[in-house]
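Here the structure is a predicted model, which is why all the values come from computation and not from measurement.
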Amino acid sequence: MTLVRLALLLALTQPMARAMEALPKVVPVPADNPQTPAKIELGKTLYFDPRLSVDATVSCNSCHNVMAAGEDGRPVGVGVRGQRGGRGSPTVWNSAFHTVQFWDGRAASLEEQAKGPLTNPIEMGMPNHDAVMARVKTIPGYVAMFKAAFPKDADPVTIDNLAKAIASFERTLITPDSAFDLYKRGNKKAMSEAAVRGMKLVEEIGCTACHTGPNFAGEGLKMGEGNYQPFPQIPGSKYDKQYDLLSDKGRFEVTKDKEDMHKWRVPTWRNVAVTAPYFHNGKVRTLDEAVRVMAKTQLDQDLTEAQVGDIVAFLNALTGKFPKITAPQLPLLVNDTLTPEP
């Protein structure tokens, strides 16, 4: 082991106060976008509506399916006209606890994130936000819903209010009461013996240098402040080529700062057992293999099968309870269509 790797391992495994916390009962809400029932219902309806995409085929829910684990189960997202993106669709569940959004952290809030896919040519494909709102305004039911959700606004049907509404709905997408949460709150029988061993092991080998806090994505960060780490931290293993870890430059594509080359927002461990495939490119199919890859590329650790099994057991204990979501009735457009000419 080189001196650089030894120093890294020593730094990551020092007994610092890196807490693994139960999921809070209350999500952080910005002062300029308080939660209201009308706003949440509008956001939910917009979230499920494929008419926000250029050919009326892709909704937010298409890639972030809240009827399941909040993503699409595919290696990379698929947008309008069957186009494939370059990165996987992160789960939307518990995204309210992320301090930045997207794999590369390019959005500082859920509100900012909600605007991005609408005009991304691969995702929803609308030419601009004005075109999005022009379409929304042609649907009378939406105009009424915007007025109810933003009663103080002279012109409530705006892109900013659309983003606020979708973000408000997303802040309701929380999965509480995982076995780990119950364990942390005093029920020491909530987790299996293997899961408890795995919990201790991720601390011992250094995983919790990055995966801490209630969302296991970093602690003590303000909204808009991201926890970014290189992946791979220690290049040169067989996994670099096997899983194509170096072709995507990560956050560098946003900042153009060489210090951000191959850096990524630390992803959540919550519900990780049900959100395969893994990593930004979806190249790894199974959780046990993802654990091996992370141990080697980030900590230069070759884990035994028993160790992998214990860590996987712990990660399974982070699967929370998914509240039932019912699809909304979309506002109807009468005597016309929004779909483009064939």
*Asks:* Could you check whether any side-chain N or O of D181 sits under 3.5 Å from a backbone N or O of S178, counting only pairs where one atom can act as donor and the other as acceptor?
*Replies:* yes
*Asks:* Walk me through it: do T45 and M145 pass the test side chain to side chain contact (heavy atoms under 4.5 Å, CB included)?
*Replies:* CA-CA 10 Å; T45 306; M145 292 182 76; 3.5 Å; yes
*Asks:* Drop me the distance from D260's CG to R251's CZ, to the nearest 0.5 angstrom.
*Replies:* 5.5 Å
*Asks:* Are R185 and D177 ion-paired here, with the side-chain N under 4.0 Å from a carboxylate O?
*Replies:*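 Judged by the 4.0 Å cut-off on N to carboxylate O distance, R185 and D177 do form a salt bridge.
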*Asks:* Tell me whether the centres of the aromatic rings in W93 and F322 are closer together than 6.0 Å.
*Replies:* yes
*Asks:* Any donor-acceptor pair under 3.5 Å linking the side chain of Y239 with the backbone of P232?
*Replies:*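 Looks like no, no N/O pair under 3.5 Å.
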*Asks:* If you count every heavy atom of other residues, nucleotides or ligands that lies below 6.0 Å from K188 atom NZ, does the total exceed 12?
*Replies:*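 Yes, enclosed.
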*Asks:* Check R171 with E111, please: is the shortest side-chain N to carboxylate O separation under 4.0 Å?
*Replies:*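 Between R171 and E111 there is a salt bridge, with a charged N closer than 4.0 Å to a carboxylate O.
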*Asks:* How long is the gap from CZ on F231 to CZ on F279, to the nearest 0.5 Å?
*Replies:* 4.0 Å
*Asks:* I'd like to know whether K39 forms a side chain to side chain contact (heavy atoms under 4.5 Å, CB included) with L42, so could you lay out the CA-CA distance, the side-chain angles of the two residues, the decisive distance to 0.1 Å, and finally the verdict.
*Replies:* CA-CA 5 Å; K39 196 186 300 180; L42 170 60; 5.7 Å; no
*Asks:* In plain terms, say whether K147 and D153 are close enough for a salt bridge, that is, a side-chain N and a carboxylate O under 4.0 Å apart.
*Replies:* no
*Asks:* Test side chain to side chain contact (heavy atoms under 4.5 Å, CB included) on L303 and I311 and set out the steps.
*Replies:* CA-CA 10 Å; L303 301 178; I311 291 176; 3.9 Å; yes
*Asks:* Counting C-beta onward and ignoring hydrogens, is there a side-chain heavy-atom pair between K249 and K263 closer than 4.5 Å?
*Replies:*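 The answer is no, as the side chains (C-beta and beyond) never meet within the 4.5 Å cut-off.
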*Asks:* For the residue pair G79 and V58, what are the closest heavy atoms and their distance?
*Replies:*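 Heavy-atom minimum between the residues: C-CG2, 3.7 Å.
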*Asks:* Look up atom SG in C210 and atom CH2 in W264, then write down how far apart they are to the nearest 0.5 Å.
*Replies:* 15.5 Å
*Asks:* Are I166 and V27 connected into the same hydrophobic cluster when the rule is that any two of I, L, V, M, F, W, Y join if their side-chain heavy atoms are below 4.5 Å apart?
*Replies:* no
*Asks:* How about T212 and E21: do any of their side-chain heavy atoms sit closer than 4.5 Å?
*Replies:*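 SC-SC contact between T212 and E21 ruled out.
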*Asks:* Check whether any side-chain heavy atom of P328 lies under 4.5 Å from a side-chain heavy atom of F169, and answer yes or no.
*Replies:* no
*Asks:* Hydrophobic clustering (ILVMFWY, side-chain heavy atoms < 4.5 Å, transitive) - are I40 and I174 grouped together?
*Replies:*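 Cluster IDs for I174 and I40 differ.
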*Asks:* Heavy atoms only: give me the nearest D302-K296 pair and the separation to one decimal.
*Replies:*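 Heavy atoms of D302 and K296 come nearest at OD2-NZ, 3.1 Å.
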*Asks:* Does H98 use its side chain to pair, donor to acceptor, with the backbone of G226 at less than 3.5 Å?
*Replies:*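 No; zero donor-acceptor contacts below 3.5 Å.
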*Asks:* Does K283, at its NZ atom, have more than 12 non-hydrogen atoms belonging to other residues, nucleotides or ligands within less than 6.0 Å?
*Replies:* no
*Asks:* Side chains of L162 and M133: closer than 4.5 Å at any heavy-atom pair?
*Replies:* yes
*Asks:* Shared ILVMFWY cluster between I122 and V54, side chains joined below 4.5 angstrom?
*Replies:*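 They do not share one cluster, since no chain of ILVMFWY contacts under 4.5 Å joins I122 to V54.
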*Asks:* Stepwise, does the side chain to side chain contact (heavy atoms under 4.5 Å, CB included) test hold for Y183 with V196?
*Replies:* CA-CA 9 Å; Y183 181 92; V196 173; 3.9 Å; yes
*Asks:* For the side-chain hydrogen bond (donor to acceptor under 3.5 Å, both in side chains) test, which of T175, N215, T268 pairs with N94?
*Replies:* T175
*Asks:* Work out which heavy atom in V76 is nearest to a heavy atom in N281; give both atom names and the distance.
*Replies:*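 Heavy atoms of V76 and N281 come nearest at CG1-O, 4.1 Å.
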*Asks:* Check E71 with R74, please: is the shortest side-chain N to carboxylate O separation under 4.0 Å?
*Replies:*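 The answer is no: the pair does not qualify as a salt bridge.
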*Asks:* For A295, is there any backbone N or O sitting under 3.5 Å from a side-chain donor or acceptor partner on Q298?
*Replies:* no
*Asks:* Sub-3.5 Å donor-acceptor pair from the side chain of D240 to the main-chain atoms of G236, do we have one?
*Replies:* yes
*Asks:* When you check the side-chain N and O atoms of S168 and Q35, is any donor under 3.5 Å from an acceptor?
*Replies:*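 Yes.
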*Asks:* Quick check: do Q329 and L332 have side-chain heavy atoms less than 4.5 Å from each other?
*Replies:*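 Yes, side chains in contact.
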*Asks:* Strictly below 4.0 Å, N to O, side chains only: are E305 and R292 in salt-bridge contact?
*Replies:* yes
*Asks:* Quick test of your reading of the model: are R135 and D130 salt-bridged, counting only N-O distances below 4.0 Å?
*Replies:* no
*Asks:* Give me the ring orientation class for H280 and W103: parallel if the planes are under 30° apart, tilted from 30 to 60°, perpendicular past 60°.
*Replies:*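 Perpendicular.
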*Asks:* More than 12 non-hydrogen atoms from neighbouring residues, nucleotides or ligands closer than 6.0 Å to NZ on K222, yes or no?
*Replies:* no
*Asks:* Do Y47 and E170 have side-chain N/O donor and acceptor atoms under 3.5 Å apart?
*Replies:*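 Distance-only check fails for Y47 and E170.
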*Asks:* Just say parallel, tilted or perpendicular for the rings of Y142 and F146, cut-offs at 30° and 60°.
*Replies:*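 Aromatic pair Y142/F146 classed perpendicular.
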*Asks:* Indicate, with yes or no, if M223 and V92 share a hydrophobic cluster defined by side-chain heavy-atom contacts under 4.5 Å among Ile, Leu, Val, Met, Phe, Trp and Tyr.
*Replies:* no
*Asks:* From the options D244, D104, D72, select the one residue that forms a salt bridge (Lys or Arg N to Asp or Glu O under 4.0 Å) with R87.
*Replies:* D104
*Asks:* Minimum heavy-atom separation for D32 to P34, with atom names?
*Replies:*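 Between these two residues, the closest heavy atoms are C-CD, 3.6 Å.
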*Asks:* Given K115 and D160, is the salt bridge (Lys or Arg N to Asp or Glu O under 4.0 Å) satisfied, shown in steps?
*Replies:* CA-CA 8 Å; K115 296 179 183 180; D160 286 342; 2.5 Å; yes
*Asks:* To the nearest 0.5 Å, what is the distance between CE (M124) and CG (D55)?
*Replies:* 10.0 Å
*Asks:* Is it the case that the side chain of K258 and the backbone of F252 share a donor-acceptor pair, with hydrogens and angles ignored and the cut-off at 3.5 Å?
*Replies:*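 The answer is no, because no donor-acceptor pair under 3.5 Å joins these two groups.
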*Asks:* Out of curiosity, E204 CD to M199 CE, how far, rounded to the nearest 0.5 Å?
*Replies:*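 Here the rounded value is 10.5 Å.
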*Asks:* Using a 4.5 Å cut-off on heavy atoms from C-beta on, say whether the side chain of D310 contacts that of K200.
*Replies:*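 Not in contact.
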*Asks:* CZ/R81 to OG/S53 distance, rounded to the nearest 0.5 angstrom?
*Replies:* 9.0 Å
*Asks:* Are V266 and V293 connected, step by step, through hydrophobic side chains (Ile, Leu, Val, Met, Phe, Trp, Tyr) whose heavy atoms are closer than 4.5 Å?
*Replies:* no
*Asks:* Is it true that E41 and K44 make a salt bridge, defined as a side-chain N closer than 4.0 Å to a carboxylate O?
*Replies:* no
*Asks:* According to the interplanar angle, ranging from 0 to 90°, do the rings of F314 and F216 count as parallel (below 30°), tilted (30 to 60°) or perpendicular (above 60°)?
*Replies:* perpendicular
*Asks:* Is any side-chain heavy atom of I325 less than 4.5 Å from a side-chain heavy atom of M67?
*Replies:* yes
*Asks:* Any donor and acceptor pair, going by atom type alone, linking the side chain of Q101 with main-chain N or O of S95 inside 3.5 Å?
*Replies:* yes
*Asks:* Could you report the tightest heavy-atom contact between L110 and A96, atom names first, then the distance?
*Replies:*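 Closest approach of L110 to A96: CD1-CA, 3.9 Å.
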*Asks:* Answer whether the closest heavy-atom distance between the side chains of L23 and R270 falls below 4.5 Å.
*Replies:* yes
*Asks:* May I ask you to decide if S109's main-chain N or O and Q113's side chain share a donor-acceptor pair within less than 3.5 Å?
*Replies:* no
*Asks:* I'd like to know if the side chain of N271 and the backbone of V274 have a donor-acceptor N/O pair within less than 3.5 Å.
*Replies:*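 Looks like no, no N/O pair under 3.5 Å.
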*Asks:* Checking the side chain of Q83 only, and the main-chain atoms of V80 only, is there a donor and an acceptor separated by less than 3.5 Å?
*Replies:* yes
*Asks:* Mind listing the closest non-hydrogen atom pair of L315 and W269 along with its distance?
*Replies:*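 So the two residues come closest at CD2-CD2, 3.7 Å.
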